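Model, not experiment: these values are computed from the prediction. Both counts, for ligands and for their atoms, begin at 1 and track the order of listing.
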Amino acid sequence: SIPLQHGAHRSGNRTDADMARWRSLRFGQFVHWGLYAIAGGEWNGKIYNGAAEWIRSWKEMPTAVYDQLYKQFNPVNYHPEQWAQQAKDMGAGYMIITTKHHDGFCLWPSKYTRYTVAASPYKKDIIGPMVEAYNKKGIDVYLYFSIIDWNHPDWRTSLKTPADSAAYKRFKVFVKNQLTELLVKYPTVKGFWFDGTWDDSWKNDGAFSDELEQYLQKLHPGLIIGSRLRADERGARHFDSNNHLMGDYEQGWERKLPEQPADVHGNDWEGVMTIPENQWGYHAHWLGHIKSSNELIEMLVKSTSLGGNFVLNFGPKADGTFRSEEVQRMQEIGNWMKVNGSAVYGASEAGLGKPDWGYYTRRGDSVFMVVFNVPVSGNLRVKLPAKTTLAEASASGQPVTPELIGKNEYFIPVGNAPRHAPFVILLQTSRAAGAEGGHFEKAK
Ligand SMILES: Cc1ccc([C@@H]2N[C@@H](C)[C@@H](O)[C@H]2O)cc1
């Protein structure tokens with residue numbers, strides 16, 4: 001392997017309590033909120049087809065005009081305790097909030113730049129009350145932070161001249177100051193969700209990303225930071241030049257999910273997802289496919305079945321309210337999670353392969369069958385590994401009688417389970433003494 005100073009410093013997943021908690025929560029809420037919500041994906045009667053939070057880069061939107069939007073930021077209908085309650089009702093265990101997106105506008109009154117809420121008509125800190133409201137509901141908070149900062153005079157995408165290098169040196173101090181400020185002001189946050197780390201300026205400075213990560217961990221022990229912050233000294237990102245994952249979990253799954261265990265190599269990972277095709281910030285006109293609650297529930301369960309977390313994104317309007325499509329999905333998903341959340345919370349891959357009828361998840365000896373595709377036979381095929389016996393099966397607390405159809409192979413009757421939504425069958429298993437350790441072997 002290649003000797004690296006600034007590659008991965010740990011092989012295998014973190015085993016500490018903070019990471020175990022992150023892993024057990026399984027389901028998060030992403031919130032993209034900022035000045036881009038004022039534009040809402042359109043300007044002067046023209047609709048921007050890109051992601052709403054990128055409208056500043058749209059030729060029809062003069063950057064000088066975008067950079068004056070902060071004078072209109074005044075979310076009179078922003079009620080963080082309502083935001084937190086609806087997230088709680090959805091069943092989210094953690095929330096990720098954009099403190100500063102690529103445009104550089106800070107939702108907290110940073111003392112390192114004037115481009116913050118303090119300069120807007122709203123004046124007040126947005127982040128503090130949000131962290132407090134979510135924590136009060138028992139929801140952990142993570143801070144999204146963009147390294148790219150289109151507003152800061154010292155930001156550079158690449159370093160071409162000594163002047164660029166001098167500016168970028170100042171920029172790195174600014175980044176470290178802002179991150180320190182966020183941890184000091186909001187000490188209950190559990191981690192950072194970094195973005196905007198693909199430009200050469202950052203990619204070619206793996207040493208800084210390494211030192212910064214270690215500095216933040218020392219300042220705030222237990223902090224959870226995904227792989228997207230890091231580059232190694234050869235410019236490799238997420239995975240270092242020896243293909244070892246950097247950071248605490250694989251953070252590359254954005255608007256896409258792994259298909260099979262081999263895609264995630266046993267690493268902790270997190271997928272982040274939009275309800276429309278590709279909008280993170282508020283866009284007044286959602287184009288293309290809008291995912292239904294059942295589709296989103298399937299993504300959540302699929303993520304759990306592959307040992308990862310699933311984070312669903314919401315883009316509040318400029319006034320602080322949520323569009324009806326988003327409110328509807330929070331309620332529908334929450335109704336399902338209230339009944340079936342035990343198949344997700346604290347659960348992980350079952351090691352039983354991918355059945356046609358849906359997904360297996362597992363927590364200890366409890367195996368959850370989450371059914372999305374009811375077979376015309378009305379029987380769900382289950383194959384358990386050798387030395388594993390099926391003690392009992394139940395659906396919504398009612399016993400279900402499996403039919404033994406072969407060695408360790410069963411048909412579980414669907415019975416009169418609902419057809420309009422996914423449902424869960426619980427298999428209580430037990431492993432004969434001496435059976436495989438903590439996890440089931442692949443079904444033979
Ligand atoms: C090409 C590209 C750049 C940045 C993004 C940002 N990452 C998401 C989590 C959003 O913040 C989006 O603006 C997405 C795609």
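Under a 4.0 Å criterion applied to the non-hydrogen atoms of Glu254, ligand 1 contributes the atoms 5 (C), 6 (C), 7 (N), 8 (C), 9 (C), 14 (C), 15 (C). Close contacts of ligand 1 with Glu53, meaning ligand atoms under 4.0 Å from a residue heavy atom, involve 10 (C), 12 (C), 13 (O). Close contacts of ligand 1 with Tyr144, meaning ligand atoms under 4.0 Å from a residue heavy atom, involve 11 (O).
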Steps toward side-chain hydrogen bond (donor to acceptor under 3.5 Å, both in side chains) verdict (Arg237, Thr197)
CA-CA 9 Å; Arg237 294 181 60 228; Thr197 56; 2.8 Å; yes
Begin from the C-alpha positions of Trp253 and Glu250 and carry the test side-chain hydrogen bond (donor to acceptor under 3.5 Å, both in side chains) through to its verdict.
CA-CA 8 Å; Trp253 300 98; Glu250 192 190 351; 3.2 Å; yes
Is there a salt bridge (charged side-chain N to carboxylate O under 4.0 Å, His left out) between Arg10 and Asp248 once you walk through the steps?
CA-CA 9 Å; Arg10 185 198 69 250; Asp248 300 321; 3.5 Å; yes
Are Glu259 and Lys302 close enough, and set up right, to give a salt bridge (charged side-chain N to carboxylate O under 4.0 Å, His left out), and what steps lead you there?
CA-CA 8 Å; Glu259 279 305 320; Lys302 176 176 183 169; 2.7 Å; yes
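Between His238 and Met246, every side-chain heavy-atom pair lies at or beyond the 4.5 Å cut-off. Taking 4.5 Å as the limit, some side-chain heavy atom of Trp155 sits within range of a side-chain heavy atom of Ser201.
Checking only distances, Trp280 never comes within under 3.5 Å of ligand 1, N or O to N or O. Residue Trp198 has no N or O atom closer than 3.5 Å to an N or O atom of ligand 1. Ligand 1 has an N or O atom lying under 3.5 Å from an N or O atom of His32, backbone or side chain. Of the N or O atoms in His101, one or more lie within a sub-3.5 Å distance of an N or O in ligand 1.
Taking the six-membered ring for Trp and the full ring otherwise, the centers of His102 and Trp198 sit less than 6.0 Å from each other.
Nearest-residue assignment for atom 6 (C) of ligand 1 (options Thr274, Asp195, Asn278; heavy-atom criterion): Asp195.
Within the 4.0 Å cut-off (strictly below), no protein heavy atom is located near atom 1 (C) of ligand 1.
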